[in-house]
Amino acid sequence: MRHSIRVRFTCLIFSVLAVLVGIAFILNTWGLEGFYRAQKVKDIERAYASINTEVMRNGNRSARISQILNAYSDIYNITIAVMDSADSSLLQSTERGSSYLFRRAQKYLFNGSFRTQTAVLAQTETYTIISAYDDESDAVNIDCFAYCGDNQTMLLMTTPVSNLKESVILANRFLGYIGLLILLVGALMVFFMTRQITRPIQRLAALSKKMGGLDFSERYCGKSRDEIGVLGSNMNAMAEKLEETIRKLKEANTELQEDIRRKEEIDEMRKAFIANVSHELKTPIALIQGYAEGLDDGVCEDPENRRYYLNVIIDEAGKMNSLVKQLLTLSKLESGAPELSRENFDLTELVRGVLHATKMMAENQSASVRASFVDAVSGEQELRVPVLVNADEFKIEEVLTNYISNALHHVNEGGSITVSVEPRGERIRLAVYNTGSSIPEEDLPHLWDKFYKVDKAHSRTYGGSGIGLSIVKAIMEAHGMPYGVENC
């Protein structure tokens with residue numbers, strides 16, 4: 001609270017008012033008496049000038065002189081007497097039944113002790129104005145003794161100043177009461193009036209605090225056009241710019257983090273890819289090397305053993321060739337949007353052709369393979385239902401081949417594989433089902449990853465490389481079609 005602008009501003013105004021009241025008190029105490037004397041001297045000088053002008057114009061018995069005497073007596077409290085110096089007769093006076101001015105003149109002109117108690121305030125060739133103590137009235141007066149321009153008319157003027165100090169004391173006391181009242185009322189008025197100034201400043205302070213905490217939701221709502229209003233408008237503009245800048249920075253940071261995450265994923269995938277390719281090539285290369293060395297060393301003398309060695313080398317070389325082809329195909333599919341040679345073709349004919357090509361593999365597994373075609377109109381299974389689709393026939397054939405190959409690798413002995421073609425609105429659902437053990441649920445999301453194998457221990461039994469389903473994923477995404485695997 002002590003650091004509040006409102007309190008500090010109130011204290012400042014209160015201090016200024018207190019200093020002003022103090023200055024007024026000091027000036028009233030030590031300056032009022034001198035100011036009063038100077039004003040009285042000027043009043044007496046103006047009175048002398050007015051009377052002297054009238055005497056020189058119309059003589060010392062003019063009726064206008066009486067009016068001038070009464071005016072100065074009533075307004076300026078100056079007692080004036082006009083005398084004829086030739087016979088010392090009193091011509092006109094504002095005194096009532098008294099010869100006080102005459103006695104004052106005698107004391108000044110003929111009593112030397114009176115001179116020692118006087119202070120000359122103004123003096124010319126025609127008049128003298130003094131401040132003197134009068135023991136008769138026990139008071140200090142300002143007296144003027146003057147001769148008019150006719151060298152005959154004499155003016156006597158006096159005004160009391162003895163009660164001035166008492167007036168100053170009373171004025172200071174009154175000024176003290178008024179000063180206290182002004183200080184109290186002024187402080188209260190300033191305290192409540194400064195609320196109109198400090199309230200927007202407090203709002204700006206709260207707004208700046210929130211901005212310091214990166215909260216730019218609030219805005220300054222003041223409508224004033226003064227410096228505070230301009231500051232509030234500038235803070236609103238700054239808040240909008242900062243909010244937009246921070247939003248862009250957050251977006252850029254999110255993108256950067258996403259890029260870093262993708263880079264890390266790509267780096268991990270690259271490492272895994274190299275490890276998997278090395279693992280897949282290590283066994284066939286070792287076999288080829290071993291059997292080739294055996295042939296070179298003459299281990300096999302008879303033609304049958306040499307043929308067996310050669311068959312093993314050819315078989316392993318074929319697996320390596322198949323792996324490299326699959327890697328090239330996958331790389332081409334993943335390097336960008338692959339070019340699709342879309343055309344209309346009969347899907348049922350494609351299914352029959354793939355099943356015929358894989359018939360020998362199925363016989364080796366002692367498994368049966370059959371196709372199921374569902375008529376879109378009757379909903380009944382037919383042996384020969386033409387189904388026309390628009391797609392890349394070669395790539396769809398590769399998808400179906402990979403599905404059937406995986407089904408054959410995991411079918412139980414004597415089991416069956418069913419390839420079904422079923423219309424689903426404007427699409428055709430092609431599914432491959434095989435009898436055998438279910439795939440563990442935790443492995444299902446990873447089946448589309450390169451080189452991922454569920455049965456890692458027996459992978460070389462069927463020669464799978466773990467790339468087939470990755471190729472299926474890339475082809476189906478290129479066609480914009482869904483794909484998946486599930487346990488039934």
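Counting from 1, the numbers follow the sequence of the chain as shown.
Looking only at distances, a side-chain donor or acceptor of D392 sits under 3.5 Å from a matching main-chain atom of S341. One N or O on the side chain of N402 and one on the backbone of E398 form a donor-acceptor pair closer than 3.5 Å. In this structure a side-chain-to-backbone donor-acceptor pair under 3.5 Å is missing from S405 to T401. Side-chain atoms of R342 come within 3.5 Å of backbone N or O of N390 as a donor-acceptor pair. When atom types are taken as modelled, the side chain of T435 and the backbone of S416 share a donor-acceptor pair closer than 3.5 angstrom.
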Margin query: With side chain to side chain contact (heavy atoms under 4.5 Å, CB included) as the criterion, how do L388 and L347 come out once you've worked through the C-alpha distance, each side chain's angles and the decisive distance to 0.1 Å?
Written below: CA-CA 6 Å; L388 294 178; L347 185 60; over 6 Å; no
Next item on the list: Apply the test side chain to side chain contact (heavy atoms under 4.5 Å, CB included) to residues I417 and L355: give CA-CA distance (whole Å), side-chain angles for both, the deciding distance (0.1 Å), then the verdict.
Entry: CA-CA 10 Å; I417 297 173; L355 291 181; 6.0 Å; no
Next item on the list: Applying salt bridge (charged side-chain N to carboxylate O under 4.0 Å, His left out), run through E244 and R247 and close with a yes or a no.
Entry: CA-CA 5 Å; E244 179 66 18; R247 183 186 64 79; 2.4 Å; yes
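Taking both residues in full, the closest heavy atoms of E397 and L350 are given as CB-CD1, 3.5 Å, listed atom of the first, atom of the second, then distance. Scanning both residues, P160 and N141, for their nearest heavy atoms gives CA-OD1, 3.3 Å. Heavy-atom minimum distance, I428 versus P423: CD1-CA, 3.8 Å.
Interatomic distance, L430 CG to M476 CE, rounded to the nearest 0.5 Å: 8.5 Å. A distance of 10.0 Å separates CD in Q123 from CD1 in I130, rounded to the nearest 0.5 Å. Rounded to the nearest 0.5 Å, atoms CD (E477) and OH (Y483) are 4.0 Å apart. To the nearest 0.5 Å, atoms CD (Q257) and CD (E264) are separated by 10.5 Å. For the atom pair OG1 (T159) and OH (Y36), the distance works out to 5.0 Å, reported to the nearest 0.5 Å. Distance check, rounded to the nearest 0.5 Å: CD of Q39 to NZ of K42 gives 5.5 Å.
I75 has its side chain out of reach of D43: every pair of non-hydrogen atoms, C-beta onward, lies at least 4.5 Å apart. By the 4.5 Å heavy-atom criterion applied to side chains, F345 and V389 are counted as neighbours. Residues N434 and L408 are not in side-chain contact: their nearest non-hydrogen atoms beyond the backbone lie 4.5 Å or more apart. By the 4.5 Å heavy-atom criterion applied to side chains, I396 and H479 are counted as neighbours.
Enclosure of atom CZ in R46 by more than 12 non-hydrogen atoms of other residues, nucleotides or ligands within 6.0 angstrom is indicated.
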